[in-house]
Amino acid sequence: MDATVEVVETEDVGTNTVAVTISTPEEFTAEPGQFVRLAATIDGEEYARFYTLSSPSVTDTFEVTVGIDPEESGPFSEFLATLEPGTTLEMSGPFGDQYYEGESRAVVLAGGPGVGPAVAIAERALSAGNEAAVVYRYEGSPAHGTRLARLRERGATVRVTDAPLDTPVAEVLTGTEGEQLFVFGFDSFVDLATQAVESSGGSLDGAKVENFG
Ligand SMILES: Cc1cc2nc3c(=O)[nH]c(=O)nc-3n(C[C@H](O)[C@H](O)[C@H](O)COP(=O)(O)OP(=O)(O)OC[C@H]3O[C@@H](n4cnc5c(N)ncnc54)[C@H](O)[C@@H]3O)c2cc1C
């Protein structure tokens, strides 16, 4: 669907990482792991980019988490990070089929802003009485610390690292029936995650992978 949506709130959830809460248009629904396309005109130029849900569900609002890479990002992520409540954006979606579908154990490998869908999926899995594990690789400093800490308290396995992924990935992959592997992040992270899964004897066959580009 296409709709004009309103920004309800923005919150810094880490260095260069902002959670944007958006009003839900009528009849819009989406699952954690799906993404929307947000568009706006900045200095007379039209931009459109994709953002993955970082709320465990859609209520009268939903959330996306935006990472701003000071060296690589362009103007749109910076624009989103500085939005005032009440600003309107054009939205379409939801898109994507790499989302949580009630699997009994969700293992999410996340790089950079991929931490958004990671916390969303883990929260949703725990609320459904299932298991969750998150391996989050950050550069600089980690984001969504409060929600990751809460996930730990609720029984999820959470590994946060800026180092190689092999050890934490080997720790969370159990190979049990019903275990679903998810990978969210930019290209370079997806490569690292793939290597780590393979070096621990696993495979990405059947994994739900969303590459941010
Ligand atoms: C399916 C999908 C889902 C996505 N979900 C998210 C999401 O949930 N959160 C999110 O922040 N972004 C997400 N993205 C990326 C997002 O759409 C934009 O590309 C990003 O915000 C940069 O937009 P920009 O205009 O600022 O920079 P661009 O000019 O589009 O960026 C240029 C390039 O810089 C690099 N880059 C930009 N930002 C980063 C970063 N934070 N870390 C590492 N490299 C970066 C990438 O290689 C990118 O292609 C997603 C992309 C896709 C395709």
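Counting convention: from 1, in listed order, for ligands and their atoms alike.
- By the criterion of a heavy-atom distance under 4.0 Å, the backbone of Asn211, and not its side chain, is placed next to ligand 1.
- Distances between N or O atoms of Phe186 and those of ligand 1 include no value under 3.5 Å.
- Ranking the protein heavy atoms by distance from atom 23 (O) of ligand 1 puts Arg49 NE, 3.4 Å first.
- Of all atoms in ligand 1, listed by their number and element, those nearer than 4.0 Å to a heavy atom of Ser77 are 21 (O), 24 (P), 26 (O).
- For atom 21 (O) of ligand 1, the closest heavy atom belonging to the protein is Tyr51 OH, 2.7 Å.
- The list of salt bridge (charged side-chain N to carboxylate O under 4.0 Å, His left out) pairs with a residue in residues 56-80, not counting sequence neighbours, reads Glu63-Arg147.
- Of all heavy-atom pairs spanning Leu165 and Ala196, the tightest one is CB-CB, 3.7 Å.
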task = Apply side-chain contact (heavy atoms from CB on, under 4.5 Å) to Val197 and Leu109, showing your working.
result = CA-CA 10 Å; Val197 169; Leu109 312 184; 3.7 Å; yes
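- Taking only non-hydrogen atoms, the option from Phe50, Phe95, Phe35 nearest to atom 6 (C) of ligand 1 is Phe50.
- In summary, the aromatic rings of Phe76 and Phe79 are positioned with their centroids under 6.0 Å apart.
- Remark: minimum distance from atom 8 (O) of ligand 1 to any protein heavy atom is reached at Thr52 N, 2.9 Å.
- The environment of CD in Glu139 is sparse: at most 12 heavy-atom neighbours from other residues, nucleotides or ligands sit within 6.0 Å.
- Contact record, Arg154 with Ser127: NH2-OG, 3.2 Å, taken as the closest heavy-atom pair.
- Taking atom 41 (N) of ligand 1 as the reference point, the nearest protein heavy-atom neighbour is Gly67 O, 3.4 Å.
- The 12-atom threshold is exceeded at CD of Glu101, counting heavy atoms of other residues, nucleotides or ligands nearer than 6.0 Å.
- In terms of protein heavy-atom proximity, atom 24 (P) of ligand 1 is nearest to Gly74 N, 3.3 Å.
- Taking CG of Asp2 as the start and CD of Glu90 as the end, the distance is 8.0 Å to the nearest 0.5 Å.
- Among protein heavy atoms, atom 47 (O) of ligand 1 sits closest to Glu72 OE1, 3.9 Å.
- When Gly213, Ala81, Ser73 are checked for heavy-atom proximity to atom 37 (C) of ligand 1, Ser73 turns out nearest.
- Using a 4.0 Å cutoff on heavy atoms, Leu53 does not count as a contact of ligand 1.
- Of all the atoms in ligand 1, the ones that sit under 4.0 Å from a non-hydrogen atom of Val66 are 11 (O).
- Put simply, part of Thr65 is less than 4.0 Å from ligand 1, judged by heavy atoms.
- Given atom 51 (C) of ligand 1, the protein heavy atom at minimum distance is Phe212 O, 3.2 Å.
- Listed by atom number, the atoms of ligand 1 under 4.0 Å from Asp69 heavy atoms are 39 (C), 40 (C), 41 (N), 42 (N), 43 (C), 44 (N).
- Neither side chain, Thr61 nor Thr21, offers a donor N or O lying under 3.5 Å from an acceptor on the other.
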Hey, can you pull the donor-acceptor pairs under 3.5 Å for the side chains in residues 33-48, sequence neighbours left out?
unit_1	atom_1	unit_2	atom_2	d
Gln34	OE1	Glu31	N	3.0
Gln34	NE2	Gly96	O	2.9

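- Remark: ligand 1 and Glu210 share no N or O pair separated by less than 3.5 Å (distance only, no angle test).
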